[in-house]
Number of protein chains: 2
Amino acid sequence: MESLLRYFDMLCLIPKAPNSISTPEILEKLQNMRYAVDLRTVQRDLVKLSASPLFPIANTENTKPLRWFWIDNSSPMQLPMMSTDEALTFKLAEMFLEPLLPPSVRGRLTGYFDLADKRLKESKFEHWIEKVGVVPNNLPLLPAEIEPSVLAVVYEALLKSLRFKATYQAVNKSPKTYEINPLGLVFRHNSIYLVATIFDYTDVKQLALHRFKDAELSDRIVLVPTDFVLNDYIAQGSFSYPVDNHLEEITLKLKVNVFLKQMLLETPLCAKQKISDIDEKHYLLEAIVTNTKQLNWWLRSFGTGIEVLEPLELRQAFALEVKALSKMYC
Amino acid sequence: MESLLRYFDMLCLIPKAPNSISTPEILEKLQNMRYAVDLRTVQRDLVKLSASPLFPIANTENTKPLRWFWIDNSSPMQLPMMSTDEALTFKLAEMFLEPLLPPSVRGRLTGYFDLADKRLKESKFEHWIEKVGVVPNNLPLLPAEIEPSVLAVVYEALLKSLRFKATYQAVNKSPKTYEINPLGLVFRHNSIYLVATIFDYTDVKQLALHRFKDAELSDRIVLVPTDFVLNDYIAQGSFSYPVDNHLEEITLKLKVNVFLKQMLLETPLCAKQKISDIDEKHYLLEAIVTNTKQLNWWLRSFGTGIEVLEPLELRQAFALEVKALSKMYC
DNA sequence: ATAAAAACGTCCAATTTTGTCGCATTGATG
DNA sequence: CATCAATGCGACAAAATTGGACGTTTTTAT
């Protein structure tokens with residue numbers, strides 16, 4: 001029994017394919033875990049384990065402190081097994097994320113999605129896929145593909161707080177190589193942006209990950225500008241959206257049609273929204289929300305389905321815009 | 001070694017907490033897997049395994065064929081370990097899904113998100129959270145909460161093709177109990193709808209999951225109406241959106257501003273889109289897309305940022321709508 | 001060239017595992 | 001109510017495995 005646990009811990013110590021760990025390192029770590037074992041034992045155990053198809057581990061046969069790793073990046077096995085509930089939820093999440101995340105990011109999770117697939121199949125629930133659908137409420141734009149090796153370096157750089165050297169091709173410009181000082185990742189639309197400074201300059205830039213041609217980790221540590229906090233940086237509106245300078249809570253009053261009334265009953269704008277009748281076909285909606293660009297987009301997207309009544313400034317802004325639109329289309 | 005594998009397979013056979021498996025059942029399944037073992041051995045093994053804190057399994061002490069299960073729904077352990085890459089991607093997915101999925105659905109995955117958390121913490125990468133942000137491009141409506149027990153029954157009913165009895169409260173009506181004949185789940189906006197028939201009627205209904213008060217699995221098998229295919233049903237537009245009757249591919253020509261030009265360069269409307277200059281501040285975008293309601297919403301949401309040039313019918317529709325809006329706001 | 005480290009083969013005692021048996025308990029059945 | 005079958009559990013001994021010890025070989029570093 002003792003040995004079972006040791007096997008387990010040993011398997012946990014072994015990293016996945018690109019990485020590896022040497023036999024003496026495993027020995028040392030096991031001894032730190034209070035296992036009184038011999039190097040010989042570790043060697044024997046590893047050979048035994050790798051012999052089983054259940055544990056696809058292998059070693060580098062050429063180097064002399066043998067280095068061990070998990071071979072293929074197939075779906076991980078787990079205890080307890082993934083339940084069918086979880087499996088189904090995974091597949092739903094996958095459908096949801098498909099149009100949102102770039103393939104290389106989603107690719108990091110394929111192991112789990114495959115595991116879910118397997119689970120659903122072996123449970124004879126193969127028809128689940130015909131029983132689930134997603135109706136997107138936004139236009140499916142094509143997410144830009146990111147070079148997987150770039151993503152790997154960026155992840156590592158961010159996690160380890162290291163800089164990296166990379167070739168970046170800005171729009172309509174020729175590629176250039178910079179030393180990037182990464183500060184954070186921001187997802188926006190269907191793209192991922194790296195918030196970073198370049199070389200030793202202090203101005204914060206946004207670099208689209210899909211525009212990096214290659215990347216290589218450096219060993220220089222990241223320098224964070226004083227007072228830089230990613231969330232503040234986003235909230236400030238420095239981030240790509242033309243966000244309003246001062247976000248204020250407003251009491252929104254809208255005249256909406258039946259369709260919107262139904263929708264808002266199910267997914268309210270805020271916890272305390274009120275809906276009352278105006279006439280047979282129109283309803284008054286009152287809600288307290290923050291006045292963001294997203295709100296404006298949302299309001300506009302329904303066209304004549306929504307009439308903004310209050311706040312007055314917003315109504316006037318809409319009136320102005322409608323005038324501009326009239327000129328466009330007449 | 002043989003025994004290690006047996007332990008492993010045994011642990012795989014044991015389900016999570018609400019479910020359970022009896023010792024003789026385990027024995028039978030093991031024997032099917034060509035393990036020549038005695039019942040006594042299985043009993044002993046289970047006791048041994050449950051003694052270790054690594055394997056939180058327990059049995060029902062009162063029943064006589066003892067039934068075994070995994071105790072707490074804590075994060076699963078897995079081999080090989082979750083890599084930091086995967087962990088980070090999980091956390092990103094979590095941030096993404098947070099405003100989209102109802103809590104009880106997302107709750108099914110917390111085990112994995114927690115595992116990711118743990119992984120990032122033990123790797124001393126605790127600051128990752130300060131390095132990642134999501135800027136949503138749609139208005140965060142509040143996802144309606146679904147009673148977890150209802151979700152469980154619906155999942156099970158769908159997977160096993162069984163009906164269930166449930167109390168449903170339609171908008172502005174008092175709750176009623178029906179026998180539901182589930183056909184499929186559809187995510188739309190931030191709500192989940194069950195596509196189903198009721199009792200033995202044949203008309204297909206859409207029932208919002210969050211309006212179910214309770215649910216209980218029946219043992220009557222699901223009856224699928226002839227020719228019913230969920231995806232067709234959605235595509236038909238029977239689904240709640242007022243979708244256009246015949247979806248056609250159109251060649252869209254838009255006059256867009258700088259902001260949109262940038263955005264569309266990064267996340268194109270279609271693979272073959274073209275962007276050319278009109279004047280200093282405006283650009284011509286050409287793309288072939290399907291004419292959906294989502295497209296119309298998207299086009300409208302940018303207000304004066306987009307002028308629809310072609311197809312002419314679409315332009316005229318926009319012109320008409322602008323006229324209607326003019327009346328509203330003047 | 002030399003020493004140190006690692007891998008690997010082998011032997012054997014200590015330990016663990018496992019089948020068997022006996023007995024107690026429980027639940028179903030006649 | 002008695003009986004039987006199924007299960008759990010303790011004990012024991014045989015069988016199997018494990019793991020340390022030691023020696024040899026190979027590789028790496030100095």
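Reminder, nothing fancy here: chain letters follow the sequence lines and each chain counts from 1. Quick caveat, the model's predicted, so the values are computed rather than measured.
Going from atom CD of B:Glu25 over to atom P of D:dA6 covers 15 Å, rounded to whole Å. As a whole-Å value, the separation of B:Gln31 CD from C:dG19 C1' is 13 Å. Summarising the geometry, the separation between OH on B:Tyr35 and C1' on C:dT17 is reported as 15 Å, rounded to the nearest angstrom. When rounded to the nearest whole Å, the span between CZ of B:Arg67 and C1' of D:dA6 equals 14 Å. B:Leu66 has its CG atom 16 Å from the P atom of C:dT25, to the nearest Å.
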Scan the side chains in residues 207-217 of chain A for donor-acceptor partners under 3.5 Å anywhere in the protein, sequence neighbours excluded, and list what turns up.
| residue | atom | partner | partner atom | Å |
| --- | --- | --- | --- | --- |
| A:Arg211 | NH1 | A:Tyr168 | OH | 2.9 |
| A:Arg211 | NH2 | B:Glu266 | OE2 | 2.2 |
| A:Lys213 | NZ | A:Gln169 | OE1 | 3.4 |
| A:Asp214 | OD1 | A:Thr167 | N | 3.4 |
| A:Asp214 | OD1 | A:Thr167 | OG1 | 3.0 |
| A:Asp214 | OD2 | A:Thr167 | OG1 | 3.2 |

Could you go through residues 148-162 of chain A and list every donor-acceptor pair under 3.5 Å that involves a side-chain atom there, pairing it with any protein atom two or more places apart or in another chain?
| residue | atom | partner | partner atom | Å |
| --- | --- | --- | --- | --- |
| A:Ser149 | OG | A:Glu147 | OE2 | 3.2 |
| A:Tyr155 | OH | B:Thr89 | OG1 | 3.1 |
| A:Glu156 | OE2 | A:Lys160 | NZ | 2.9 |
| A:Ser161 | OG | B:Lys131 | NZ | 2.9 |

**Request:** Could you go through the salt bridge (Lys or Arg N to Asp or Glu O under 4.0 Å) check for B:Arg108 and A:Glu86 one step at a time?
**Result:** CA-CA 6 Å; B:Arg108 307 274 155 157; A:Glu86 286 171 353; over 6 Å; no
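Between the side chains of A:Ser20 and A:Arg67, at least one donor N or O sits under 3.5 Å from an acceptor N or O. B:Tyr112 and B:Gln78 share no side-chain donor-acceptor pair at under 3.5 Å.
Using a 4.5 Å heavy-atom threshold, the side chains of B:Asp45 and B:Met10 count as touching.
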5' to 3', nucleotides 17-27 of chain D under a 4.0 Å protein heavy-atom cut-off (B base, S sugar-phosphate only, - none) gives -SBBB-----S
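Contacts of A:Thr23 with the nucleic acid, taken as non-hydrogen atoms under 4.0 Å apart, involve only primed sugar atoms and P, OP1 or OP2.
Non-hydrogen atoms lying under 4.0 Å from DNA chain C are contributed by nothing in residues 49-56 of chain B.
For C:dA7, one of the phosphate oxygens OP1 or OP2 lies less than 4.0 angstrom from a side-chain nitrogen or oxygen of A:Gln43.
Between the axis at the start and the axis at the end of the helix from C:dA1-D:dT30 to C:dG30-D:dC1 there is an angle of 40°, using five pairs per end and rounding to 10 degrees.
The side chain to side chain contact (heavy atoms under 4.5 Å, CB included) search around B:Leu5 returns A:Ser52, A:Leu54, A:Phe55, B:Tyr35, not counting sequence neighbours.
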